[in-house]
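Residue numbering restarts at 1 for every chain, and letters A, B, ... go by the order of the sequence lines. Only a predicted model underlies this, so the values are computations on that prediction, with no experimental measurement involved.
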There are 4 protein chains.
Amino acid sequence: MAAGSELFATKGYSSTTLDDITRRAGVSKGLFYQYFPSKEGLVFALQEKASREFAARVSAAAAARADWPGKLDAVVLVCFEHFTGGATHGGSLFQHLPGEIADPRGPDSSGHKAAHQHLVEVIGGLLHAGVAAGAYRIDDVEATALLFFTALHAFVRPLRHDDDSVSDARLVRAAQHLVRGAAGVSSAGVSSAGVPEVGVPTVGVDR
Amino acid sequence: MAAGSELFATKGYSSTTLDDITRRAGVSKGLFYQYFPSKEGLVFALQEKASREFAARVSAAAAARADWPGKLDAVVLVCFEHFTGGATHGGSLFQHLPGEIADPRGPDSSGHKAAHQHLVEVIGGLLHAGVAAGAYRIDDVEATALLFFTALHAFVRPLRHDDDSVSDARLVRAAQHLVRGAAGVSSAGVSSAGVPEVGVPTVGVDR
Amino acid sequence: MAAGSELFATKGYSSTTLDDITRRAGVSKGLFYQYFPSKEGLVFALQEKASREFAARVSAAAAARADWPGKLDAVVLVCFEHFTGGATHGGSLFQHLPGEIADPRGPDSSGHKAAHQHLVEVIGGLLHAGVAAGAYRIDDVEATALLFFTALHAFVRPLRHDDDSVSDARLVRAAQHLVRGAAGVSSAGVSSAGVPEVGVPTVGVDR
Amino acid sequence: MAAGSELFATKGYSSTTLDDITRRAGVSKGLFYQYFPSKEGLVFALQEKASREFAARVSAAAAARADWPGKLDAVVLVCFEHFTGGATHGGSLFQHLPGEIADPRGPDSSGHKAAHQHLVEVIGGLLHAGVAAGAYRIDDVEATALLFFTALHAFVRPLRHDDDSVSDARLVRAAQHLVRGAAGVSSAGVSSAGVPEVGVPTVGVDR
DNA sequence: CATGAATGAGGATTCATTCAT
DNA sequence: CATGAATGAATCCTCATTCAT
C-alpha cells in the first residue's frame, strides 16, 4: 500500500504499473494479487484508509480547539497539510479525482466520491454543532460544508503555478478568512489579532 | 473535437481510444493525425477552446451586471452552468482533473493547470476591480480568487451524491453567499431580498 | 482424486486450477504435492484408476454372459454406461481426449493413449476368444477391436446434440447391431428375439 | 489460419501462444486481432472451414462412385485421409476434441460439436439414400451414421501406438468391412475379391 | 503430516501511432 | 485530402510449484 500510494502520487494511476508497485514493495506480482483483487482494488483500499485517517484528523483538530472560530481555522490547517503533504503521507490519494479510475465500472463508481462525501459530512457536523451553539450563523449547512471542503482543494499543489505568486501562508490565511466569513464569524478583528498566525505551520510554509 | 469531447466526458480519457474518436467522427485515423499531433494534443486543444470560451462567458456575465454584488452572483451562475453542463457543452473537459492526462510527460504537464490558472486570473481581475472601486473588501485578492474558483468546482456532478440532499438551487445560493462574504459584500440582508433568486436559473434547477 | 475428477469433468483440465482442486478437497496445496508430482500427475493417476476399473467392468460384463453374441451386447452396454456417466463416476476422465494434457511433454504423452490401448486389448481378447470358439467371424481382430471401441465413443454426451434426435436406447441398439455385424454374428433374427432388449438398461434410458 | 492450424495440430491449443502463431505467420500480434476476435475465434474459424471442406470432400467421394457399396468404401477412405493428414492439410483441427477449447463459455460450446454433427448428417444422408434405393439395409439410420463417423476417428494417429501392430491398410480394410456390415451390404465375399484393395491409397499407406 | 505465503515466468489482449497507397 | 492495414511495446493478471515453518 505504501509503494502504491507513493507511486500513484508521483506518476499517476495509469502510468504506474503493477511491476512498478511490486518492485518498489520488494514483493512478487503474484503476492500482490493475494492481497488485492486488482490494481483498482489497491486504489480503493488506499482511498478508504486515507479517508478514515483524514476524517479522524479533521475531527481531532476541531476538537482540540475550544473556541468555535479556532475550530474552523484548525480544520483549514489540517486540510492544508493533507492536500499539500503529497506522497509522503497517506492522504495524497485524494488527488486522484474522479474520472481516472472510474473507467471500468461505468461513470464514476470510484471510492473517491464516497470518501469526499464522508469528509463533507464531518465538516457538516462541525458546522451544525457551531450553529446549534449559537457560534456560527449559516443558512444552509450542508451546502456550505460542501463548498467549504471543495474550496480547500485549492491547496493541492499541482493546481497552482510552480512559481506561484500565492504562497502557502497567504492561501491558508485567505482560506481561514473565507471559511470564517461563510460561518458568520467575525474574521477581520479577531484573525488579525493573531489567530491565523498561530495556526500557520512553522515548518514547510514560507512567509 | 466534438467527438473527442463527448467521448472523454462519457468514458474518461484513458478509456477512450482513437478508434472510438475517429469512428464517431466518421473519419480515418490518419486524418486525425493530420490535425492533432497526438491523442493528448486533442485534449490540449479541447482544453484551450473550453478555457477560452469559459473565460469569455465569465467576463461577459460579470460585465452584464452593473452592481458589484450582482457581478459575483453572475460569475457563480456561469460556473454552475459550466460545471453542471456535462458532455453537452464543450466545457466538460475541465472535469478531467490533473493526473490522468499528465502521465506521458512527467508530473502534471497538462493544460488543465494553465486553464485553471487562466480562469483564476479572470476572477482575480474582477475582484481587483471591485476592490479598486471600493465595492469589495478583500485582503488577499489572488488567494481569494483561487479559493473562490476552486470552491465552485463543488458543482461538478460526480462529486455529489446521486440522491444528493443538496439541491442545485441551494448550492448556488450558498455559493453566492460564500463569495459575497469573502468579498466583504453585505450578503444576508440584500441577498435574502431577492438577489440570489434573480440569478437562479429557471430551467434545469429544482427549487 | 475425487475433487480433481469432478472438477476436470466440469470445467476441463486447463481451466481447473490447483487452488480449485485443493480447496474442494479441503487440503493445502503443499499436501497435494506430497501425493502427486504435478497437476498432470493427478491426471495420470486418475486415468490409470479409471482405465483399470473400466477394463475390469468390461471383462466382467463379457464373462457374465454365456452366449457369444450376448457378450458383445454386454460390452456395448458397459461402454454406454461409462461414457455416459459423466462426472459422477470416475470414468469421466476418458473424455479428456488427447491434445489437452499432452502439451508439456511434446505431442501426446498422455496416459489416455495407453488407457485407450488397454481397453482395445481387452476387447481384442474377447474377439479372439470368440473367433477361436468359432462364434465370431472376423478377418482382422486387432483392427476391428480398435474400430469397435472407437465407435463406442459416440456415447459421450457432449458429442451429441442437446436436443438429440437419437435417443440413448436407439444408439445402444444400433451399436449392438453394428458390433454384431462386425463380428459376423447373426443380428437381425436373434436380436429381434429379445436379446438387445435384455441388455438395455431400465433406468436412465428412454425408449 | 494456416499458421494456427499447423501449430495447434503440433503443440495443442493451449500450448500454442499468440506469439507462436503470429511469428509463424510473419505478422504482428495486432494484426491478428484485426481478423480474429480472440485466440478462440481463430479456432472457430478453422473449424468452420475444415468442417465445410471435409463435408464437401465426403460428399464428392460418395458421388464419384456409382455402386452403393463403393460409396461407403470411398467415404471411409476420405475419412482416413482426413484424420491421418495431420497438420499438413486443414482438416487436422477435428482432432481437437471438446473440452479443451470449451472452457470460457461453459461446458462445451465449441464449434466442434456442430462440425461433428454436420458430418454425421452428410453421412446420414448417404445412408438414407442407399436405404431408399434398396441398396442398404439399416434399421436406424441416424444412430448408425453417428456410430459410423465416430468409429472412423480410430484413424487419428495419436490414438494408436507408435509401433502399432495395426497398419493403416488393415485398419482401412476393417473399417470398410465394418461399415458395409452395418449397412447390410454383402462384404465378405465381394470385398475379399478385391474391392478394398482398390480403395486403399497407394501413397502413405504401408501394406 | 500439513500449511499457505511467496514466486515470477508467461500469456492474451490493447491501442497510439505510422506510412504506403 | 484521405485511408486503414500494420505495428509491437506494454499491461494486467494467472497459476503451477516451492519451501520455511
For this session: Write down the distance between CG (C:Asp20) and P (F:dT14), rounded to a whole number of angstrom.
Result: 12 Å
For this session: Indicate, with a heavy-atom threshold strictly under 4.0 Å, whether D:Thr22 touches base, sugar-phosphate, or nothing.
Result: nothing
Problem set entry | Pi-cation contact, A:Tyr13 with A:Lys39 (under 6.0 Å, within 45°) | yes
Seminar exercise, completed: Separation of F:dA16 atom P from C:Leu7 atom CG, nearest Å, is 12 Å
Exercise. Does B:Met1 reach the side chain of B:Tyr35, with side-chain heavy atoms less than 4.5 Å apart?
Worked result: no
Problem set entry | D:Lys11 NZ to E:dG10 C1', straight-line distance once rounded to whole Å | 12 Å
For this session: Nearest-nucleotide wise, let me know which of C:Asp19 and B:Gly26 is further upstream toward the 5' end of DNA chain F.
Result: B:Gly26
Problem set entry | Of D:Gly30 and A:Leu18, the one whose closest DNA chain F nucleotide lies more 5' | D:Gly30
Exercise. What is the distance from CD of B:Glu40 to C1' of E:dT17, rounded to the nearest Å?
Worked result: 14 Å
Exercise. Starting at the 5' end of DNA chain E and moving along, which residue's nearest nucleotide shows up first, B:Thr17 or A:Tyr35?
Worked result: A:Tyr35
Exercise. Do the non-hydrogen side-chain atoms of A:Glu40 and A:Phe44 ever get within less than 4.5 Å of each other?
Worked result: yes
Exercise. When you match B:Lys39 and C:Ser28 each to their closest nucleotide on DNA chain E, which lands nearer the 5' end?
Worked result: C:Ser28
Seminar exercise, completed: By the Watson-Crick or G-U definition, both distances under 3.5 Å, E:dG4 is matched with F:dC19
Seminar exercise, completed: Rounded to whole Å, the OH-C1' distance (B:Tyr33 to F:dG4) equals 13 Å
For this session: May I ask you to decide if the ring planes of A:Phe83 and A:His153 are parallel, tilted or perpendicular, using 30° and 60° as cut-offs?
Result: tilted
For this session: Among the candidates F:dT3, F:dT7, E:dT3, find the nucleotide nearest to the side-chain atoms of C:Leu31.
Result: E:dT3
Seminar exercise, completed: Rounded to whole Å, CZ of A:Arg23 lies from P of E:dA6 at a distance of 19 Å
For this session: Side-chain contact test, heavy atoms from C-beta onward, threshold under 4.5 Å: evaluate it for D:Ile21 versus D:Thr16 and give yes or no.
Result: yes
Problem set entry | B:Lys29 NZ to E:dA20 C1', straight-line distance once rounded to whole Å | 16 Å
Exercise. Contact class for B:Phe32 (heavy atom, under 4.0 Å): base, sugar-phosphate, or nothing?
Worked result: nothing
Seminar exercise, completed: D:Gln34 CD to E:dC15 P, in whole Å, measures 13 Å
